[in-house]
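Inspection log for the structure reproduced underneath, given as structure tokens.
All values reported here derive from a predicted model rather than from experimental measurement.
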Amino acid sequence: MKLPFAESWKIKMVEPITKSTREQREAWIKEAGYNVFQLRADQVYIDCLTDSGTGAMSDRQWAALMMGDESYAGARSFYELRDTIERITGFKYVIPTHQGRAAENVLFSALVHEGDYVPGNSHFDTTKGHIEFRKAFAVDCTIDDAKDTQKELPFKGNVDITKLEKVLEEHKDKIPFIIVTVTNNTAGGQPVSMQNLRDVRALADKYGKRVVLDSARFAENAYFIKTREEGYADKTIKEICKEMFDLADGMTMSAKKDGIVNMGGFIATRWEDWYEAAKAFVIPFEGYLTYGGMNGRDMAALAVGLDENTEFDNLDTRIHQLQLLASLLDEYGIPYQRPIGGHAVFVDALKVLPQIPKEQFPAQTLTIELYKEAGIRGCEIGYILADRDPVTRENRFGGNDFVRLCIPRRVYTDNHIRVIAAALKNVFDRRDEIKKGVEIVWEAELMRHFTVKLKPVE
């Protein structure tokens, strides 16, 4: 008899979570301006808002915290982290930051200027925000197949090479770098193939450009290369990671994802000129070069987390939970971005709620309904997150409209996954009763989804 799948870890500590009534949740979401970011954590039963900083650290990581060196300059913990990053990526120059968007802020302050064009594959919210804040343009070159949620392709996060070359040809003097997000979060946690990274590298070399990897989930991307791309089945995750980074010039990293720490990030590069340029901004924005916004103990835990999470068993356990959730949604007939990605299930709200006009934000409407149903907090990755066009100030309705259900690393059991699926099924079964969506009462100019205030359409 074949043994069933089991986690590659066992539980050592637990944290209680709170149940609530529907009446309570309806009051709470109203008080929050129908924005799940504004809910208190103790008003949430199962939290699928994000996988960023929400993972459970290992015993080795907790032990490393106690060994952290808190020296302001030259801390031992920095050199341990730097050496681990160089071993995994091959990048010699490392600058710690307090999280991923801080890494973007430091690097982009040095490299991105007004009027520049930064092509890539579905820049995520902070990436696009940092580019547009500098009055530059983020140009999406993701393959068109990524918009077809029901199409089964192994690497829907890929860059469209034809689109990329067109941007390079038209704006070659105004492109500071190409950025590739691995995995492609906005497209549904979809991976990028090694062949696509090679193609991007070849085009970058042709036009004399450098390549940055937005690497928050690089280990998950490597897992999909190993399991989906020909020629990689027998390679280790660390070998695949090294090959990925060999095709790039630098990286930004939100270590709160694949580093499995609660706070942290970094910039790493092979180029001394980029390192020197970034140094001028990290000290005033973040801190001294050998801590850059991180505690010594957090750098120590991150070094361990990067080492642990670039091993197959750890990733395989994580992806299993996503596959379980996807299989249940298949059973219930609920449409999502196929095939399953690495950190979340992205429910296709346009297919679930086709009766809700795009101006009433179907994915946000579905997110609210799921919370009211069972206290499960998802996240809209769609029309609200897309912000307005910086020139026309019109809403950007051209992409997908998803409800992202993130699964924190090493936190929930498979039974929690089943509750998530059952709650979504309950909403799906009464989807025809949902007649109206929500409208914006107030919004910030950039990255509005974090603080937007909404109300139901009357």
Side-chain angles (χ1 to χ4, degrees), residues 104 116-132 136-171 175 177-204 207 209 211-218 220-221 224-225 228-229 244 247-248 251-252 336-351 363 380-387 389-390 395-402 404:
E104 292 171 340
D116 281 350
Y117 290 80
V118 183
N121 58 337
S122 304
H123 314 67
F124 198 54
D125 57 351
T126 62
T127 314
K128 178 162 58 64
H130 279 300
I131 292 167
E132 293 181 350
F137 301 95
V139 185
D140 185 5
C141 298
T142 310
I143 59 172
D144 290 337
D145 284 332
K147 293 183 179 180
D148 184 351
T149 61
Q150 302 310 292
K151 190 167 187 176
E152 293 274 1
L153 287 174
F155 295 101
K156 286 171 91 170
N158 278 356
V159 177
D160 185 311
I161 297 302
T162 301
K163 289 182 186 178
L164 178 59
E165 182 154 30
K166 185 174 185 293
V167 177
L168 288 166
E169 182 60 38
E170 291 178 354
H171 305 290
I175 294 176
F177 53 82
I178 300 162
I179 190 162
V180 183
T181 307
V182 289
T183 58
N184 186 331
N185 189 358
T186 307
Q190 296 295 308
V192 177
S193 70
M194 192 73 78
Q195 184 57 54
N196 191 242
L197 290 174
R198 288 193 202 99
D199 293 341
V200 170
R201 176 79 265 168
L203 207 52
Y207 286 88
K209 302 298 177 184
V211 177
V212 172
L213 296 188
D214 179 346
S215 306
R217 300 174 182 89
F218 75 91
E220 291 173 7
N221 200 90
F224 287 119
I225 289 174
R228 294 181 183 176
E229 191 164 0
M244 287 167 54
L247 296 167
M251 64 186 292
T252 57
Y336 60 89
Q337 175 68 294
R338 310 177 67 92
I340 196 66
H343 68 287
V345 171
F346 288 69
V347 179
D348 189 343
L350 297 180
K351 285 184 165 54
E380 185 258 24
I381 302 292
Y383 296 154
I384 294 179
L385 178 138
D387 280 339
D389 183 281
N395 282 307
R396 290 188 271 208
F397 291 125
N400 296 110
D401 200 32
F402 291 131
R404 185 184 71 178

Is any side-chain heavy atom of [X] closer than 4.5 Å to a side-chain heavy atom of [Y]?
X      : Y      : answer
Arg396 : Pro390 : yes
Ile225 : Met244 : yes
Leu213 : Leu247 : no

Quick one: list whatever passes ring pair (Phe, Tyr, Trp, His ring centres under 6.0 Å) with [X], sequence neighbours left out.
X      : value
Tyr383 : Phe397
Tyr207 : none
Phe402 : Phe346

Partners of [X] by side-chain contact (heavy atoms from CB on, under 4.5 Å), sequence neighbours excluded?
X      : answer
Asp116 : Val112, His113, Ala136, Lys174, Pro176
Gln150 : Asp148, Pro335, Arg338, Lys351
Ala363 : Ala349, Glu380, Asp401, Val403
Thr181 : Asn121, Asp214

**OP:** Run through Asp160, Asn196, Asn184, Thr162 and flag the one making a side-chain contact (heavy atoms from CB on, under 4.5 Å) with Ile143.
**Re:**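 Checked Asp160, Asn196, Asn184, Thr162 against Ile143; only one passes side-chain contact (heavy atoms from CB on, under 4.5 Å): Asp160.
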Minimal non-hydrogen separation, [X] against [Y], with atom names:
X      : Y      : result
Ile161 : Leu203 : O-CD2, 3.6 Å
Pro119 : Val167 : CB-CG1, 4.0 Å
Arg404 : Ala344 : CG-CB, 3.5 Å
Gly398 : Lys147 : O-NZ, 3.5 Å

Find the distance between [atom1] ([X]) and [atom2] ([Y]) and round it off to the nearest 0.5 Å.
X      : Y      : atom1 : atom2 : result
Lys151 : Asp145 : NZ    : CG    : 3.5 Å
Ser193 : Asn221 : OG    : CG    : 8.5 Å
Ile178 : Lys209 : CD1   : NZ    : 8.5 Å

Exam field: side chain [X] to backbone [Y], donor-acceptor pair closer than 3.5 Å:
X      : Y      : value
His123 : Val118 : yes
Glu104 : His130 : no
Gln190 : Pro339 : yes

**OP:** Under the side-chain hydrogen bond (donor to acceptor under 3.5 Å, both in side chains) rule, collect the residues that match up with Asn400, sequence neighbours excluded.
**Re:**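 Residues passing side-chain hydrogen bond (donor to acceptor under 3.5 Å, both in side chains) with Asn400: none at all.
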Subject >> side-chain hydrogen bond (donor to acceptor under 3.5 Å, both in side chains) partners for Gln337, two or more places apart >> reply: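 Per chain and number, Gln337 pairs via side-chain hydrogen bond (donor to acceptor under 3.5 Å, both in side chains) with Lys156.
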Subject >> Partner residues of Asp389 under the salt bridge (Lys or Arg N to Asp or Glu O under 4.0 Å) criterion, sequence neighbours left out >> reply: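 Not a single residue meets the salt bridge (Lys or Arg N to Asp or Glu O under 4.0 Å) criterion with Asp389.
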Original post:
With sequence neighbours left out, what residues match Lys166 under salt bridge (Lys or Arg N to Asp or Glu O under 4.0 Å)?
Top reply: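 Counting only residues at least two positions away or on another chain, Lys166 forms a salt bridge (Lys or Arg N to Asp or Glu O under 4.0 Å) with Glu170.
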**OP:** From the options Thr186, Thr142, Asn185, Thr127, select the one residue that forms a side chain to side chain donor-acceptor pair (under 3.5 Å) with Ser122.
**Re:**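 When Thr186, Thr142, Asn185, Thr127 are each tested with Ser122, the side chain to side chain donor-acceptor pair (under 3.5 Å) holds only for Thr142.
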**OP:** Using the ring-ring contact (aromatic ring centres under 6.0 Å, His included) rule, collect all pairs that involve residues 137-161, keeping only residues at least two apart or in two chains.
**Re:**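 Those involving residues 137-161 are Tyr117-Phe137.
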Original post:
Would Lys163 and Asp144 pass as an ion pair if we require N to O under 4.0 Å?
Top reply: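 Salt bridge flag = yes for Asp144 with Lys163.
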